[in-house]
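Working notes, structure below.
Since the structure is predicted, the reported quantities are computational estimates derived from the model, not experimental observations. Each chain gets a letter, A, B and so on, in the order the sequences are listed, and its residues count up from 1.
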There are 2 protein chains.
Amino acid sequence: MTTKARDKKNQLIEATIDLFAKEGFWNTSTARISKHAGVATGTLFNYFPSKEALIDAVYLHLKLEMKAFITPGYPADEGTGACIAHVWRRYAEWGVHSPVHYQLLEQLRLSNLVSQQIEDRLMEEIGFMHELIETARQQGLFGEVSLEFAGALIHATVTATINVALAHQLTGPALQKHIAQGLSVLWTGIQPSK
Amino acid sequence: MTTKARDKKNQLIEATIDLFAKEGFWNTSTARISKHAGVATGTLFNYFPSKEALIDAVYLHLKLEMKAFITPGYPADEGTGACIAHVWRRYAEWGVHSPVHYQLLEQLRLSNLVSQQIEDRLMEEIGFMHELIETARQQGLFGEVSLEFAGALIHATVTATINVALAHQLTGPALQKHIAQGLSVLWTGIQPSK
DNA sequence: AAAATAATTGACTGACTAGTCAGTCTTATG
DNA sequence: CATAAGACTGACTAGTCAGTCAATTATTTT
């Protein structure tokens, strides 16, 4: 694929994200997406064989974007706890930084519109997070909580934190304090009772 | 409205819930809903002026159903903490007991398809939960956490608990232990540090 | 029982849907 | 410059959508 073609593909994905976020993906037609991306309706289907494939690509795009935001500064040598805290904090910051993308990602996650193939592909990309949680659990950081439950609680707390931060339009130190508070709730709640 | 008419209205709402849950609300047509409810397409629009109004009614129906499940045994005289714990636990039990309705409610909540009018109407019905949280906060049960953040964290933890319970098909004592664990995470995490 | 009222029906409408394809335009190559 | 390859176009198709309405059936009133 040429550079130009990859550009157009990204252009279509960006246009899709824009419209999906603005109007909901269940009533955004391929015709509108094409128009918003500045191409003909047929061109969309040169790059994506179906609307479903486009949705898959959007989901993949968003998750990789999130990963790219989270990864920098990963404290691999400071222990499992620090790594989880880093990922949690960066996730929260990404959500506040890119609310539209974050909200669309959450919607797609619950929609059952994303194919299993893409879920599998993503497991390779962000599977390190699951390993991280499993390691922490084995080190006894999480008390009796199971792997899945720990993952669900981590996701739930970060989501709640992002949503409240967005609702109150927190920025700067107030935002940092709020994020620290959210992380503290998770950390205190999930730790084994002595 | 006669009893018969109210029956048919409920019949339509139940059929809608059934199909929405089975196939997703964004590709369930009014024609299919009518057929599934055993009436003609026109009849649906005698009871609901539009599909949007039907969705509103479904959302209201689900929330009131949840409220009805949560309310019994409310320990009004055992203090704010006990009341919140009761509501949290019963919510979790409702989600596990009625997974289809619970999941649909969550989807609708995030969909922006429900009108403000219905949200307002529901505030009157389930506003007592917010007052409960505010009271608890004023009593210092929640440390520095704001009202909205407390509400978000309560919702987030109960959702995570339900989802994991459903994924693992927990029942009986294992389910009760899991729910207790989820509540404990919230409670430990949110309590003020000494 | 007759008349009036209300509820129900389903064929129908115009707008919209995902996806196609014959033809046009752009770009790369010899 | 000429030719071939590939990218792009948008009118078009077959089908679905929410919502309508004249006709029919059921119920209530007189």
Does A:Ser34 reach a base, just sugar-phosphate, or nothing at all? Heavy atoms under 4.0 Å.
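The answer is nothing, as A:Ser34 stays clear of every strand by at least 4.0 Å.
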Taking only side-chain N and O atoms of B:Ser29, does any of them lie within less than 4.0 angstrom of OP1 or OP2 on D:dT16?
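Indeed not, no polar side-chain atom of B:Ser29 lies that close.
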Are the aromatic rings of B:His97 and B:Tyr102 close, with centres under 6.0 Å apart?
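No, ring centres 6.0 Å or more apart.
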Protein N or O to nucleotides 19-22 of chain D N or O, pairs below 3.5 Å:
unit_1, atom_1, unit_2, atom_2, d
D:dG19, OP2, B:Lys51, N, 2.6

Could you tell me whether A:Glu144 and B:Lys177 have a side-chain N and a carboxylate O separated by less than 4.0 Å?
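Result for this pair is yes, salt bridge flagged.
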Quickly work out the [X] [atom1] to [N] [atom2] distance and round it to whole Å.
X       : N      : atom1 : atom2 : answer
B:Ile33 : D:dC17 : CD1   : C1'   : 12 Å
A:Asn27 : C:dA15 : CG    : P     : 18 Å
B:Lys35 : C:dT9  : NZ    : C1'   : 15 Å
B:Leu12 : C:dA7  : CG    : P     : 14 Å
B:Lys8  : C:dA6  : NZ    : C1'   : 12 Å

Under the rule for side-chain hydrogen bond (donor to acceptor under 3.5 Å, both in side chains), what residues qualify as partners of A:Asp77, not counting sequence neighbours?
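If we apply the side-chain hydrogen bond (donor to acceptor under 3.5 Å, both in side chains) test to A:Asp77, skipping adjacent residues, there are no hits.
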Kindly point out which of D:dC17, D:dT9, C:dA7 is positioned nearest to the side chain of B:Tyr47?
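Shortest atom-to-atom distance from the side chain points to C:dA7.
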Which word best sums up how the rings of B:Phe149 and A:His178 line up, parallel for under 30°, tilted for 30 to 60°, or perpendicular for over 60°?
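Geometry flag for A:His178 against B:Phe149: tilted rings.
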Name all pairs fulfilling the side-chain hydrogen bond (donor to acceptor under 3.5 Å, both in side chains) condition that reach into residues 118-133 of chain B, sequence neighbours left out, sorted by first residue then second.
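The answer is B:Lys67-B:Glu125, B:Gln116-B:Asp120, B:Arg121-B:Glu125.
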Positive for side-chain contact (heavy atoms from CB on, under 4.5 Å) with A:Thr16, one of A:Leu54, A:Leu44, A:Thr30:
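Going through the options one by one, the only one that passes is A:Leu54.
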